[in-house]
Amino acid sequence: MDDRADIKSFGMEIKEHMNQSIECERLILKSLSLKEMEQIQNGSQDFLEKSVLTRVIMSAVAHKIEQMHMVQAEVYPWLNYWLITEKKSGFGIGLIGSKNLPDLEGYVEIGYIIARGFRGRGYMTEALEGFLDWLYEYPFCNGARLLIRSANTPSIRAAEKCDFQYEGMQDIYKVYRYLF
């Protein structure tokens, strides 16, 4: 049995709260359209730093596109990536997004990546805080979860700065949870 909530159960709540961009101090997060996701997949995009497009991210993009083809456009912000754009340069420096809809307990798993040349500047912490603020607007979302490889200390640091609490291990990942 699937442990995620049913898309249809969200009803009008998605439409009422839908905001497809988030402004932070130094960043803008923008929900990518299906067309933009497909541009990433086929290599024709010119809005995102190439070092973000790892094998893992490209696999996730393909999966997200499959999901997006099965739902109405209002659900896209829950299934796609959000482009992390540096205000100063206007260029995409990373991606953030939920990996699916919230589970039956109301938790959504988040994934993210920042381009190599932009790491160590607090951008991921800022983007994560902005994305959590967006999630908070949805009454059916009770919090977020992160699965982070033990060796990924920068990602762990960003999670802890955003008040995620360590819960234990799941395979090779440290599990962190954020409760609204």
Side-chain angles (χ1 to χ4, degrees), residues 2-4 20 22 24 27-71 73 75-86 89-103 107-132 134-135 144-162 164 166-178:
D2 195 345
D3 65 347
R4 289 181 303 276
Q20 295 191 356
I22 302 163
C24 304
L27 305 171
I28 295 174
L29 311 182
K30 178 192 166 282
S31 177
L32 293 174
S33 67
L34 178 58
K35 180 181 176 184
E36 290 165 322
M37 293 288 288
E38 289 172 338
Q39 288 173 338
I40 291 173
Q41 185 179 42
N42 68 30
S44 65
Q45 68 83 26
D46 61 356
F47 51 82
L48 178 62
E49 172 67 38
K50 301 271 191 249
S51 69
V52 169
L53 304 176
T54 65
R55 189 177 77 248
V56 171
I57 294 298
M58 293 305 289
S59 175
V61 166
H63 177 72
K64 287 173 175 294
I65 289 170
E66 285 177 25
Q67 290 180 305
M68 290 169 77
H69 278 290
M70 295 186 286
V71 300
V75 181
Y76 288 178
W78 288 90
L79 303 177
N80 65 354
Y81 273 122
W82 290 61
L83 180 67
I84 302 170
T85 303
E86 184 186 45
S89 69
F91 197 66
I93 61 169
L95 298 170
I96 190 168
S98 55
K99 293 187 177 182
N100 213 317
L101 297 169
D103 61 20
Y107 285 87
V108 65
E109 185 177 343
I110 298 174
Y112 49 75
I113 186 169
I114 287 286
R116 286 185 202 103
F118 294 88
R119 295 177 183 165
R121 301 182 195 180
Y123 284 139
M124 194 69 261
T125 300
E126 186 175 332
L128 187 53
E129 286 172 344
F131 195 70
L132 289 170
W134 179 79
L135 291 173
R145 184 176 52 252
L146 296 169
L147 275 69
I148 304 171
R149 288 185 182 259
S150 298
N152 190 345
T153 54
S155 188
I156 291 169
R157 202 167 34 251
E160 290 173 347
K161 285 180 182 177
C162 292
F164 276 81
Y166 175 72
E167 287 200 333
M169 296 294 293
Q170 180 179 323
D171 299 320
I172 61 170
Y173 299 99
K174 287 187 171 189
V175 179
Y176 286 84
R177 189 174 299 261
Y178 183 91

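Quick caveat, the model's predicted, so the values are computed rather than measured.
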Item to check | For Y166, ring pair (Phe, Tyr, Trp, His ring centres under 6.0 Å) partners two or more places apart | outcome: Y176

Next on the checklist: If the condition is ring pair (Phe, Tyr, Trp, His ring centres under 6.0 Å), which residues does Y81 pass it with, not counting sequence neighbours?
Outcome noted: none

Rounded at 0.5 Å granularity, tell me how far [atom1] in [X] sits from [atom2] in [Y].
X: L29; Y: T85; atom1: CG; atom2: OG1; answer: 8.0 Å
X: I93; Y: R119; atom1: CD1; atom2: CZ; answer: 11.0 Å
X: C162; Y: Y178; atom1: SG; atom2: OH; answer: 8.0 Å

Checklist entry - Excluding sequence neighbours, so at least two apart, what forms side-chain contact (heavy atoms from CB on, under 4.5 Å) with Q170? => result L147, V175

Checklist entry - Mind checking what makes side-chain contact (heavy atoms from CB on, under 4.5 Å) contact with R177, not counting sequence neighbours? => result E105, Y107, R145, E167

Item to check | Residue pair L34, N80: steps toward the side-chain contact (heavy atoms from CB on, under 4.5 Å) verdict | outcome: CA-CA 8 Å; L34 178 58; N80 65 354; over 6 Å; no

Checklist entry - Pairs in or reaching into residues 34-44: which pass side chain to side chain donor-acceptor pair (under 3.5 Å), with residues at least two apart or in two chains? => result K30-E36, S33-E36, E38-H69, N42-S44

Which heavy atom of [X] sits nearest a heavy atom of [Y], and at what distance?
X: V108; Y: S98; answer: CG2-CB, 3.1 Å
X: F91; Y: E49; answer: CE2-N, 3.2 Å
X: F47; Y: L32; answer: CE1-CD2, 4.1 Å
X: L83; Y: L95; answer: CA-CD2, 4.1 Å
X: I84; Y: I113; answer: CD1-O, 4.3 Å
X: I148; Y: A159; answer: CD1-CB, 4.0 Å

Side-chain atoms of residues 120-131: list all donor-acceptor pairs with protein atoms under 3.5 Å, sequence neighbours left out, distances to 0.1 Å.
from: R121; atom 1: NH2; to: G117; atom 2: O; distance (Å): 2.8
from: Y123; atom 1: OH; to: E86; atom 2: OE2; distance (Å): 2.5
from: E126; atom 1: OE1; to: R26; atom 2: NE; distance (Å): 2.8
from: E126; atom 1: OE1; to: R26; atom 2: NH2; distance (Å): 3.0
from: E126; atom 1: OE2; to: E25; atom 2: N; distance (Å): 3.0
from: E126; atom 1: OE2; to: R26; atom 2: N; distance (Å): 2.5
from: E126; atom 1: OE2; to: L27; atom 2: N; distance (Å): 3.3

Close side-chain approach of [X] to [Y], heavy-atom, < 4.5 Å:
X: I110; Y: L132; value: yes
X: L79; Y: K99; value: no
X: P154; Y: N152; value: yes
X: T153; Y: S155; value: no

Item to check | Verdict with supporting geometry, S51 and L53, side-chain contact (heavy atoms from CB on, under 4.5 Å) | outcome: CA-CA 5 Å; S51 69; L53 304 176; over 6 Å; no

Next on the checklist: Main chain of P77, side chain of W82: is a donor-acceptor contact present, judged purely on distance under 3.5 Å?
Outcome noted: yes

Checklist entry - Would you say the side chains of Y173 and S150 form a donor-acceptor pair under 3.5 Å? => result no

Checklist entry - Can N100 and W78 be said to form a side-chain contact (heavy atoms from CB on, under 4.5 Å), step by step? => result CA-CA 6 Å; N100 213 317; W78 288 90; over 6 Å; no

Next on the checklist: Between I114 and I96, does the side-chain contact (heavy atoms from CB on, under 4.5 Å) criterion hold? Intermediate values first, please.
Outcome noted: CA-CA 9 Å; I114 287 286; I96 190 168; over 6 Å; no

